[in-house]
Amino acid sequence: MNSLSVKHLVGIRDLTKEDINTIFTTADSFKQVINRPIKKVPSLRDITIANLFFENSTRTRLSFELAQKRLSADVINFSASSSSVKKGETLLDTVNNILSMKVDMVVMRHPNPGAAMYLSKKIDAKIINAGDGTHEHPTQALLDAYSIREKLGSVKGKKVVIVGDILHSRVALSNIYCLQKLGAEVMVCGPATLIPKHINELGVLVSHNLKEALEWCDVANMLRIQLERQNELGYFPSIREYAMSFGLNKQLLDSLSKEIIVMHPGPINRGVEITSDVADSNQSIILQQVENGVAIRMAAIYLLASDIGR
Ligand code: CP
């Protein structure tokens with residue numbers, strides 16, 4: 001088994017290009033497995049994984065659980081809303097109690113940036129970050145880049161624009177790291193209020209004009225406005241005006257001089273950052289992204305588990 005240069009998957013920033021390519025080639029094999037009549041392999045029969053979700057999730061949570069079950073791991077699920085966290089227990093106490101039940105790996109989503117890194121320094125089990133506040137969402141970036149590779153043959157040399165609420169987006173940051181490591185050019189596009197002030201230090205281009213950004217790119221990754229992370233109003237005049245300036249509709253898509261690929265990490269706010277006729281069009285690979293998420297997460301779990309108990 002090829003292993004990774006990291007013990008935990010906390011962020012794309014820590015991975016090498018070789019790590020990412022190892023995850024992709026492993027995911028290629030698992031994609032074949034999950035398209036067979038028997039969609040399961042016995043690889044992780046001796047491994048127990050806890051999914052700890054302190055924040056809402058549909059895709060990531062189900063995708064991780066399915067990936068673990070396809071690898072034959074034992075799985076336990078934890079949701080903060082129904083746990084003793086509500087009674088004042090610390091994150092570390094909660095996790096240590098779960099680990100004392102002989103858990104080998106923790107997949108965690110948490111609202112606080114750095115929560116996964118903090119845990120990775122305090123406990124012995126493997127940690128996979130399933131999204132930590134506005135920081136990183138590494139498996140989302142991996143499945144996004146993998147989907148571009150699948151659709152366009154490679155990521156190297158491709159132009160990708162990430163549109164929307166870059167300021168509050170962990171998907172944007174992980175995508176920037178991942179795409180750049182694989183040799184893509186990255187642009188971010190949105191209102192100035194939703195673009196971090198020093199973003200060009202990451203080596204990305206910045207645009208505030210959606211039409212120009214779309215003319216430049218091969219791939220547009222449309223992000224939603226993260227209203228739950230915006231603690232004050234005033235980043236833009238209204239949702240309607242945001243949609244008029246930065247929403248992708250069919251008329252705009254069809255006006256471009258070339259056919260681009262449209263992505264979205266979900267959940268979609270139809271009619272805001274993307275209209276239904278674009279989200280459901282044959283230029284959209286949104287559901288392929290979700291499908292690829294299972295194979296990518298199988299690969300990440302399998303590779304990280306390679307040294308457990310050895
Ligand atoms: N893309 C993503 O992280 O979706 P969920 O919040 O539904 O997991």
Undergrad: Can you tell me if CG on D124 sees more than 12 non-hydrogen neighbours from other groups inside 6.0 Å?
TA: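 For D124, atom CG is not crowded (no more than 12 foreign heavy atoms under 6.0 Å).
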Undergrad: Applying side-chain hydrogen bond (donor to acceptor under 3.5 Å, both in side chains), name anything that partners Q180, two or more places apart in sequence or on another chain.
TA: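 By the side-chain hydrogen bond (donor to acceptor under 3.5 Å, both in side chains) rule, Q180 matches no residue at all.
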Undergrad: Of all residues at least two apart in sequence or in a different chain, which pass the side-chain hydrogen bond (donor to acceptor under 3.5 Å, both in side chains) check with E89?
TA: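 Scan of E89 (side-chain hydrogen bond (donor to acceptor under 3.5 Å, both in side chains), adjacent residues dropped) gives T94.
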Undergrad: Enumerate the ring-ring contact (aromatic ring centres under 6.0 Å, His included) contacts for residues 31-57, please, sequence neighbours excluded, ordered by first and then second residue.
TA: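 Passing the test, one end in residues 31-57: F54-F78, F54-H110.
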Undergrad: For Y177, enumerate each residue passing the ring-ring contact (aromatic ring centres under 6.0 Å, His included) test, keeping only those at least two apart in sequence or located in another chain.
TA: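 ring-ring contact (aromatic ring centres under 6.0 Å, His included) check on Y177 returns nothing, list empty.
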Undergrad: Suppose the criterion is salt bridge (charged side-chain N to carboxylate O under 4.0 Å, His left out): which pairs have a residue in residues 13-29, not counting sequence neighbours?
TA: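 Output for this query lists D28-R149.
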Undergrad: For residues S29 and Q32, is any side-chain donor paired with an opposing acceptor at under 3.5 Å?
TA: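 Side-chain D/A pair, S29 to Q32: absent.
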Undergrad: For the pair H264 and E273, evaluate side chain to side chain donor-acceptor pair (under 3.5 Å) and give the outcome as yes or no after the intermediate values.
TA: CA-CA 9 Å; H264 194 306; E273 70 276 6; 2.7 Å; yes
Undergrad: Could I get the full list of side-chain hydrogen bond (donor to acceptor under 3.5 Å, both in side chains) partners for N175, not counting sequence neighbours?
TA: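 Scan of N175 (side-chain hydrogen bond (donor to acceptor under 3.5 Å, both in side chains), adjacent residues dropped) gives D144.
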Undergrad: Does D280 come within less than 4.0 Å of K250, counting only side-chain N to carboxylate O?
TA: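 K250 and D280: not salt-bridged.
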Undergrad: Considering only NZ, NE, NH1 and NH2 on the basic side and carboxylate oxygens on the acidic side, decide whether R59 and E291 come within less than 4.0 Å.
TA: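 No.
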Undergrad: Roughly how far, to the nearest 0.5 Å, is the CD1 atom of I274 from the CG atom of N249?
TA: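 The distance works out to 10.0 Å.
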Undergrad: List in chain and number order the residues that pass side-chain contact (heavy atoms from CB on, under 4.5 Å) with K258, two or more places apart in sequence or in another chain; answer none if no residue qualifies.
TA: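 K258 satisfies side-chain contact (heavy atoms from CB on, under 4.5 Å) with D218, I260 once adjacent residues are dropped.
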Undergrad: Surrounding NZ of K39 (heavy atoms of other residues, nucleotides or ligands, distance under 6.0 Å), is the total greater than 12?
TA: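 For K39, atom NZ is crowded (more than 12 foreign heavy atoms under 6.0 Å).
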Undergrad: Using atom types as modelled and distance alone, determine if a side-chain donor or acceptor of N209 lies under 3.5 Å from a backbone N or O of E212.
TA: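 Flag set: sc N209 to bb E212 pair under 3.5 Å.
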Undergrad: Under 3.5 Å, is there a donor-acceptor pair linking the side chains of R297 and T139?
TA: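 Side chains of R297 and T139: pair found under 3.5 Å.
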Undergrad: Got a sec, which pairs hit ring-ring contact (aromatic ring centres under 6.0 Å, His included) with one end in residues 117-165, sequence neighbours left out?
TA: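 The answer is F24-Y146.
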Undergrad: For the pair T134 and R170, evaluate side chain to side chain donor-acceptor pair (under 3.5 Å) and give the outcome as yes or no after the intermediate values.
TA: CA-CA 5 Å; T134 55; R170 55 195 174 211; over 6 Å; no
Undergrad: Nearest 0.5 Å please: distance from the CD atom of E65 over to the OG1 atom of T60.
TA: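 Between atom CD of E65 and atom OG1 of T60 there are 13.0 Å.
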Undergrad: Is the backbone N or O of N56 less than 3.5 Å from a side-chain atom of R109, with the two atoms forming a donor-acceptor pair by type?
TA: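 Side chain of R109 to backbone of N56, a donor-acceptor pair under 3.5 Å: yes, one is there.
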Undergrad: Partners of K7 by side-chain contact (heavy atoms from CB on, under 4.5 Å), sequence neighbours excluded?
TA: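 Checked K7 against side-chain contact (heavy atoms from CB on, under 4.5 Å); matches are K126.
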Undergrad: Who clusters with M244? Use side-chain heavy atoms, under 4.5 angstrom, across I, L, V, M, F, W and Y, and order the result by chain and number.
TA: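 M244 shares its hydrophobic cluster with no other residue.
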Undergrad: Could you list the residues that satisfy side-chain contact (heavy atoms from CB on, under 4.5 Å) with N129, not counting sequence neighbours?
TA: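 N129 satisfies side-chain contact (heavy atoms from CB on, under 4.5 Å) with A116, D132, E136, P138 once adjacent residues are dropped.
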Undergrad: Using the test side-chain contact (heavy atoms from CB on, under 4.5 Å), find all partners of E215 that sit at least two apart in sequence or belong to another chain.
TA: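 E215 satisfies side-chain contact (heavy atoms from CB on, under 4.5 Å) with K211, L256, S257 once adjacent residues are dropped.
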Undergrad: Rounded at 0.5 Å granularity, tell me how far OG1 in T48 sits from CG in D46.
TA: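 Answer for the OG1-CG pair, T48 versus D46, is 8.5 Å.
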